[in-house]
Amino acid sequence: MKKPLMFILVISMFSSLVSAKVFINEVEFNPAGSDTGNEWVELYNDGLSAVNISDWEIIDNSGNTLIGGGSIINATRFFVINSSHTITNTNQNFTLLNDTNGIVDFTIRFNDSSPTAGDNKAWARVPDGSNVWQFQNETKAANNLDLVSPNITSQKRHPNPVFEDDNVYLNATIDENYLKEVRINGTWEGNWNIFTVFSATNNVTERNFTYVVSEDDLESGEFIEWYYIAEDNSGNIGIGEKQNFTIRLATLVNITPSSPDGLNGYYVTIPIFTFLLDAQAISTYYRFDSLQWNLFVGPFLFDINGTLGGIERMDFFSNFGSRNESIYNITIKVDVFGPELISINPTGIIRSGNVNINALIDDKYQSNSGLNLGSLVMKVDNIVVNPNLTSLDSLKARVNYSTSGLAEGNHSTNISIYDNAGNLGGGNWNFFVNLTTHILTVNSPASGNYGSNRVRFDINANIPGKITFKDNDNEQVLCNTCVTINKTLSLRDGYHNLTINVGNEEVNRSIFIDSKEPKIIKIMPKSKTYVNGTELSVKYTEDFLDNINILYGNGSLMFSTNLSNCESGRNVVCAIDIDLSNFNGQAINFSFNVSDSIRSINSKINTLFVDTTKPLIIINFPNNISQTRRVNFDLSVSEVVRGLSYIDFSDIRPSEKRLCRNCQYYNKTRSFNNGNHSLKFIVEDKAGNMGEANVNFTVM
């Protein structure tokens, strides 16, 4: 039967109080059938001498007295008292009092409310006189033996699911006061074996036990069975229900081909990957070289960033819902391409029999297997030669072979080489030796300026050859084997130093291209504006500026002047100041001309009114005498001016104060503080000419 935890705690709490040699050792207060005359309490004397219990009493929780009178309990003997009244069956306890009403012993609280026919169970101290009570078959007037087996109430496993690289924790909860040994029976070593979990001889308070199965004892796919066994000090044995679990199959990689089909562990066929999964796996993920994780949905190729080659690590794992298995990885070496010739010389027609034949050999991808230099074979005109071979790095090498006296005609070159994965690469090419002297005629282009970037190339050679031209050191092939070129090419605006070549013949041409005409955006000042000759400007766009000229005057008196320090570019403004005193009081016309080395354009013509005379200020009032605070200003100007203002330099912070706009006269009063005042009057006419006059006065 399951023993409640409260019972264990109560025993522990009261243990220090039980010090007498006479104990309430066993009680039966709800026997099967009638309680009357069948309820009893057993006392036990564990001392070495008899104890006189005359006038002692046993009291239940209702205050009823079970016994009284005189009695002797001999040493290590039992004494049974039959109850003379009915005892309550729930939440019951008993207290033993001596003849002075001192407490000799007392029990925990019991329940015995559901007896069945033939029930002979009672509450007993196990062993006699101990602090541990158990509900078990009665042993009236006899030694109390432990008749209850340990109760294994819970067996659990962690983690779930289990992988082969896990340490597995097998747990059990065992209800027993006097455990002698806890064992576990399991099959993780191949057969059923028993392992000791716990062993002790003293009273046990431990209830939870754990046994750790090392990952070293687990194999992928293995089926494990196990259960706990517990034995108490009385030899009672409890056995837990058999448990089991399966070590989940580790995710495996299936590669086609099944093993590297090249040398040095390389695949020379693009491998195809699939995963072999445990039946309980929900999904599988993989990635190459720590890149993004991919969900496995079917067979896939080794293709990292489109290179189809290299040494890569593939990580992968499966998800089981509550857990992911550990991340596994394998390293794959793939090289499916043979070495290539990425630079070969010579090609086409050459004009000498003394030839340096060379090529750059490349194993293409950075992580490929590299060149097997010892496997290189070079043939010239089908004859094996001994070239110079220079390793540039593990993937690249330069091969050179110099020969002299080659006959005129076609010649072949073949290079073959293996990489370290066993792929054969290399290549073939031809060149033609022509010892006839070339004559090159360039009809077009001619040196000079071009207003279009479409340039005609009209070139003739006396014998076939590769015709090329260099444009500021950038070489371009016009044809590989030809005698005539007649085509139009697009060249950028700007200067071009062209070198046209066929064989050993060269012709040089220097041309300048400006395909866009100058553009005048606007000129200033606007038409019908008063000017004094300053800041006449033009806004323009021209990438290759040659000159800017201004034309101005009236009638037969016209002048032309070049502007200096004007720059090329977009939306550029360039200005000039001109002495127009000869045209004072007259109207003039002006325009700009902007030119590059090929074209020029004129602006529209604007009309300007010239005024180079400074305006005069006549101060009628104030004069240099004392004034009242309201000072009358009586001023006149020699012409209508754009603005009339003054500055009082006696102010703490002198500033210009406007009197009027577009005026010639001013007659008003202004307020001034007491004291001396030094004023400057300023006027500006419509052409920007400035006039000044000064006056001093004192306000009393």
Side-chain angles (χ1 to χ4, degrees), residues 446-454 492-496 510-616 637-643 661-662 664 683-691:
S447 295
N449 296 332
Y450 288 76
S452 171
N453 53 20
R454 298 286 292 168
R492 292 190 301 271
D493 282 12
Y495 292 95
H496 298 267
S510 295
I511 67 174
F512 170 75
I513 298 175
D514 186 355
S515 62
K516 300 175 184 177
E517 69 177 10
K519 179 180 179 182
I520 295 177
I521 300 171
K522 68 178 179 179
I523 64 174
M524 294 294 289
K526 295 180 180 179
S527 190
K528 297 182 180 181
T529 300
Y530 284 88
V531 298
N532 59 15
T534 61
E535 289 293 320
L536 278 70
S537 67
V538 59
K539 185 177 182 180
Y540 59 91
T541 293
E542 171 55 48
D543 292 332
F544 302 98
L545 182 68
D546 184 56
N547 183 60
I548 296 180
N549 178 271
I550 184 172
L551 181 67
Y552 63 95
N554 57 25
S556 60
L557 188 60
M558 298 296 294
F559 296 93
S560 177
T561 301
N562 289 329
L563 279 68
S564 60
N565 300 321
C566 295
E567 298 179 350
S568 300
R570 295 178 58 83
N571 299 320
V572 181
V573 176
C574 194
I576 187 172
D577 294 338
I578 299 175
D579 182 5
L580 298 177
S581 58
N582 291 333
F583 297 98
N584 187 37
Q586 303 177 35
I588 66 169
N589 297 321
F590 85 101
S591 63
F592 284 95
N593 175 274
V594 179
S595 61
D596 57 25
S597 59
I598 300 175
R599 293 167 292 260
S600 67
I601 60 170
N602 295 315
S603 73
K604 67 178 182 177
I605 299 173
N606 282 2
T607 299
L608 303 176
F609 301 117
V610 179
D611 179 2
T612 61
T613 303
K614 292 183 179 181
L616 299 177
V637 188
S638 59
E639 60 180 294
V640 176
V641 292
R642 184 181 299 165
R661 298 177 185 272
N662 297 319
Q664 191 173 1
V683 291
E684 180 184 3
D685 64 17
K686 295 178 181 179
N689 300 302
M690 306 291 291

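Nothing fancy with the numbering, it's 1 onward along the sequence. As the structure is a prediction and not an experimental result, all values here were calculated from the model. Quick note: numbers below take in every heavy atom, side chains included, and nothing from hydrogens, waters or symmetry partners.
- Between V572 and K539 there is no side-chain heavy-atom pair separated by less than 4.5 Å.
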Under 3.5 Å, which donor-acceptor pairs do the side chains of residues 551-565 form with other protein atoms, sequence neighbours left out?
| from | atom 1 | to | atom 2 | distance (Å) |
| --- | --- | --- | --- | --- |
| N554 | ND2 | Q586 | OE1 | 3.0 |
| N554 | ND2 | A587 | O | 2.9 |
| S560 | OG | N549 | OD1 | 2.8 |
| S560 | OG | N549 | ND2 | 2.6 |
| N562 | OD1 | N547 | ND2 | 3.3 |
| N562 | OD1 | N549 | ND2 | 3.0 |

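- The CG atom of D546 lies 6.0 Å from the OG atom of S597; values are rounded to the nearest 0.5 Å.
- Within a 6.0 Å radius of CZ in R599, other residues, nucleotides and ligands contribute more than 12 heavy atoms.
- Shown here for I511 and S447, the closest heavy-atom pair between the two residues is CG2-CA, 4.1 Å.
- In this structure, SG on C574 lies 8.5 Å from CD on E567, to the nearest 0.5 angstrom.
- N571 has its side chain within reach of I521: a pair of non-hydrogen atoms, C-beta onward, lies under 4.5 Å apart.
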Chi angles and distances behind the side chain to side chain donor-acceptor pair (under 3.5 Å) call for N602, S591
CA-CA 7 Å; N602 295 315; S591 63; 5.9 Å; no
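- Residues F590 and L608 are in side-chain contact: their nearest non-hydrogen atoms beyond the backbone lie under 4.5 Å apart.
- N584 has its side chain within reach of D611: a pair of non-hydrogen atoms, C-beta onward, lies under 4.5 Å apart.
- Ring centers of F592 and Y540: at least 6.0 Å apart, outside the cut-off.
- Checked by atom type, the side-chain pair N532/T612 shows no donor-acceptor distance below 3.5 Å.
- Taking the six-membered ring for Trp and thresholds of 30 and 60 degrees, F512 and F544 have ring planes more than 60 degrees apart, a perpendicular arrangement.
- Counting only N and O atoms by type, the side chains of N589 and T607 include a donor and acceptor under 3.5 Å apart.
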Can you list the steps and then say if S568 with D543 is a side chain to side chain contact (heavy atoms under 4.5 Å, CB included)?
CA-CA 5 Å; S568 300; D543 292 332; 5.6 Å; no
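- The two residues D577 and E535 come nearest to each other via the heavy atoms OD1-N, 2.7 Å.
- Judged purely by atom type and a 3.5 angstrom limit, S638 uses its side chain to pair as donor or acceptor with the backbone of L616.
- No side-chain heavy atom of M524 sits less than 4.5 Å from a side-chain heavy atom of N606.
- Each of L536, N593, V538, I523 was checked for a side chain to side chain contact (heavy atoms under 4.5 Å, CB included) with I550, and the lone residue meeting it is L536.
- In this structure, the side chain of E684 does not engage the main chain of N689 through any donor-acceptor pair within 3.5 Å.
- Here the closest heavy-atom approach between residue E517 and residue E542 is recorded as C-OE1, 3.7 Å.
- The two atoms that bring S595 and L545 nearest to each other are O-CD1, 3.8 Å, heavy atoms only.
- Expressed to the nearest 0.5 Å, how far NZ of K516 lies from CG of D596 amounts to 12.0 Å.
- Residues I601 and I520 form a side-chain contact, since some pair of their non-hydrogen atoms from C-beta on lies under 4.5 Å apart.
- Between V594 and S600, the closest side-chain pair of non-hydrogen atoms is not below 4.5 Å.
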Checking side chain to side chain contact (heavy atoms under 4.5 Å, CB included) for the pair K686/T529: CA distance, chi angles, key distance, verdict?
CA-CA 8 Å; K686 295 178 181 179; T529 300; over 6 Å; no
